[in-house]
*Asks:* 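First, the structure itself, so that you have it in front of you.
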Amino acid sequence: MPNVALIAGPLVDLASAASALADALGLQVVSAGNVFRRHVQQKTPLGEEANGHMRAGQLVTDELMVRAVAGALADVDGGWVLYGFPRKIRQAELLTRGGHVPDTVIELVLTDDQLHLAIQRRVERRMELDPQVAVRRRQLLRTYANAQENHQAQIEPLRAYYRARGLLRTVSGFGDFEDVAARMIPIASQGQCGP
């Protein structure tokens, strides 16, 4: 069974795409954020160590984050879909050293027009939930656009890392999650045979 890592910008619904892909191929979803929150909530030794960093106003170390994710991946019986991690080369290197190398890394991408539409939809959704947000509409549009630009700058080294290893594939992240998953299925299925 394939092991797949999904990466995407802040405006792509990675969780739904990961679940749909996992359901289609019989894989287990591993959310780095959920794994880490579970450790903190259950006050495991790893969670307590992370809490110590956070209480001190420090970032949680890459080593600690990788230990949490690697532990979750080691518990998977069969293939997995990891999303939300890694976010940088150091994390990818640590995962690799721990023996958790994805067969394929799929980046869900948006064209400029799709990105603009996704930003508009996100702001409209926020305005529906809280009409007072309407007065900050332009500011929110800029905030989401800036978040996407920052993501692009931060993710490029990770892209290059996986591209150099022949693992990176790109798929349109536009549309509902079933459509996105349908585009990923053939790529993920081929990944277990190598790039």
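For reference, positions follow the sequence shown, starting with 1.
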*Asks:* Should L73 and H100 count as side-chain neighbours, where that means a heavy-atom distance under 4.5 Å?
*Replies:*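 Yes; the side chains approach each other to less than 4.5 Å.
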
*Asks:* Can you find a heavy atom in the side chain of Q91 that is under 4.5 Å from one in the side chain of M65?
*Replies:*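 Sidechains of M65 and Q91: in contact.
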
*Asks:* With rounding to the nearest 0.5 angstrom, report the CG to CD1 distance, D23 to I185.
*Replies:*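 D23 atom CG to I185 atom CD1 measures 9.5 Å (nearest 0.5 Å).
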
*Asks:* Under the side-chain contact (heavy atoms from CB on, under 4.5 Å) criterion, do H39 and T44 qualify, and how do the steps go?
*Replies:* CA-CA 5 Å; H39 275 285; T44 66; 2.8 Å; yes

*Asks:* Please check: side-chain N/O of D103 versus main-chain N/O of N3, any donor-acceptor pairing under 3.5 Å?
*Replies:* yes

*Asks:* According to a hydrophobic-cluster definition based on side-chain heavy atoms being under 4.5 Å apart (Ile, Leu, Val, Met, Phe, Trp, Tyr only), do V171 and V4 belong together?
*Replies:* yes

*Asks:* Of the non-hydrogen atoms in G173 and L110, which two are nearest, and what is the gap between them?
*Replies:*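 That would be C-CD2, 3.7 Å.
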
*Asks:* Using a strict 4.0 Å threshold on nitrogen-to-oxygen distance, state whether E178 and R183 make a salt bridge.
*Replies:* no

*Asks:* Can you tell me if R169 uses its side chain to pair, donor with acceptor, with the backbone of E107 under 3.5 Å?
*Replies:* no

*Asks:* Under 4.5 Å between any side-chain heavy atoms of L82 and V69, yes or no?
*Replies:*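 L82 reaches V69 side chain to side chain.
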
*Asks:* Is the shortest heavy-atom distance from the side chain of V35 to the side chain of F85 under 4.5 Å?
*Replies:*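 The answer is no, as the side chains (C-beta and beyond) never meet within the 4.5 Å cut-off.
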
*Asks:* Can you measure from OH (Y162) to CD1 (I89) and round to the nearest 0.5 angstrom?
*Replies:* 9.5 Å

*Asks:* Quick check on the hydrophobic clustering: are L25 and F177 connected, directly or via other members, by side-chain heavy-atom contacts under 4.5 Å?
*Replies:*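 No, L25 and F177 fall in different hydrophobic clusters.
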
*Asks:* Applying side-chain contact (heavy atoms from CB on, under 4.5 Å), run through M184 and V180 and close with a yes or a no.
*Replies:* CA-CA 6 Å; M184 291 190 293; V180 174; 4.2 Å; yes

*Asks:* From I106 CD1 over to L14 CG, what is the distance, rounded to the nearest 0.5 angstrom?
*Replies:*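 Rounded to the nearest 0.5 Å, the CD1-CG separation comes to 11.0 Å.
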
*Asks:* Considering all heavy atoms of both residues, which atom of V29 and which atom of A18 are nearest to each other, and what is their separation?
*Replies:*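 Here V29 and A18 meet closest at CG2-O, 3.7 Å.
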
*Asks:* If you define the side chain from C-beta out and look only at heavy atoms, does anything of V40 sit under 4.5 Å from M54?
*Replies:* yes

*Asks:* Does the side chain of F36 reach to within under 4.5 Å of the side chain of S31, using non-hydrogen atoms?
*Replies:*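 No - every pair of side-chain heavy atoms lies 4.5 Å or more apart.
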
*Asks:* Is there a donor-acceptor pair closer than 3.5 Å between any side-chain N or O of E49 and the backbone N or O of L46?
*Replies:* no

*Asks:* Within a strict 4.5 Å, meaning less than it, do heavy atoms of the T104 and L167 side chains meet?
*Replies:*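 They are not in side-chain contact.
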
*Asks:* Please answer: with hydrophobic residues joined when any side-chain heavy atoms are less than 4.5 Å apart, are V109 and L115 in the same cluster?
*Replies:* no

*Asks:* What is the distance from atom OH of Y83 to atom CG of D13, rounded to the nearest 0.5 Å?
*Replies:*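 Separation between the atoms: 8.5 Å.
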
*Asks:* Quick check for you: to the nearest 0.5 Å, what is the distance between S172 atom OG and L108 atom CG?
*Replies:*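 That separation rounds to 8.0 Å.
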
*Asks:* In Å, rounded to the nearest 0.5 Å, how long is the span from NZ of K43 to CD of Q41?
*Replies:* 10.5 Å

*Asks:* Any donor and acceptor pair, going by atom type alone, linking the side chain of D62 with main-chain N or O of R90 inside 3.5 Å?
*Replies:* no

*Asks:* Quick one, Y161 and T96 - any side-chain contact, counting heavy atoms below 4.5 Å?
*Replies:*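 In contact.
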
*Asks:* What heavy-atom pair brings P86 and A92 nearest, and what distance separates the two atoms?
*Replies:* CB-N, 3.7 Å

*Asks:* Find out if a path of hydrophobic residues (ILVMFWY) with successive side-chain heavy-atom gaps under 4.5 Å connects V30 to L27.
*Replies:* no

*Asks:* Would a single hydrophobic cluster contain both I155 and L168, if residues Ile, Leu, Val, Met, Phe, Trp and Tyr are joined by side-chain heavy-atom contacts under 4.5 Å?
*Replies:* yes

*Asks:* What's the shortest heavy-atom distance between V76 and G79, and which atoms?
*Replies:* CG1-O, 3.5 Å

*Asks:* Do you know the tightest heavy-atom contact between A17 and A181?
*Replies:*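 Closest approach of A17 to A181, heavy atoms only: O-CB, 4.3 Å.
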
*Asks:* Quick test of your reading of the model: are R159 and E156 salt-bridged, counting only N-O distances below 4.0 Å?
*Replies:*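 Looking at E156 together with R159, the answer is yes, because their closest N to O distance falls below 4.0 Å.
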
*Asks:* To check you understand the geometry: which heavy-atom pair defines the closest contact between A32 and G84, and what is its length?
*Replies:* CB-O, 4.0 Å

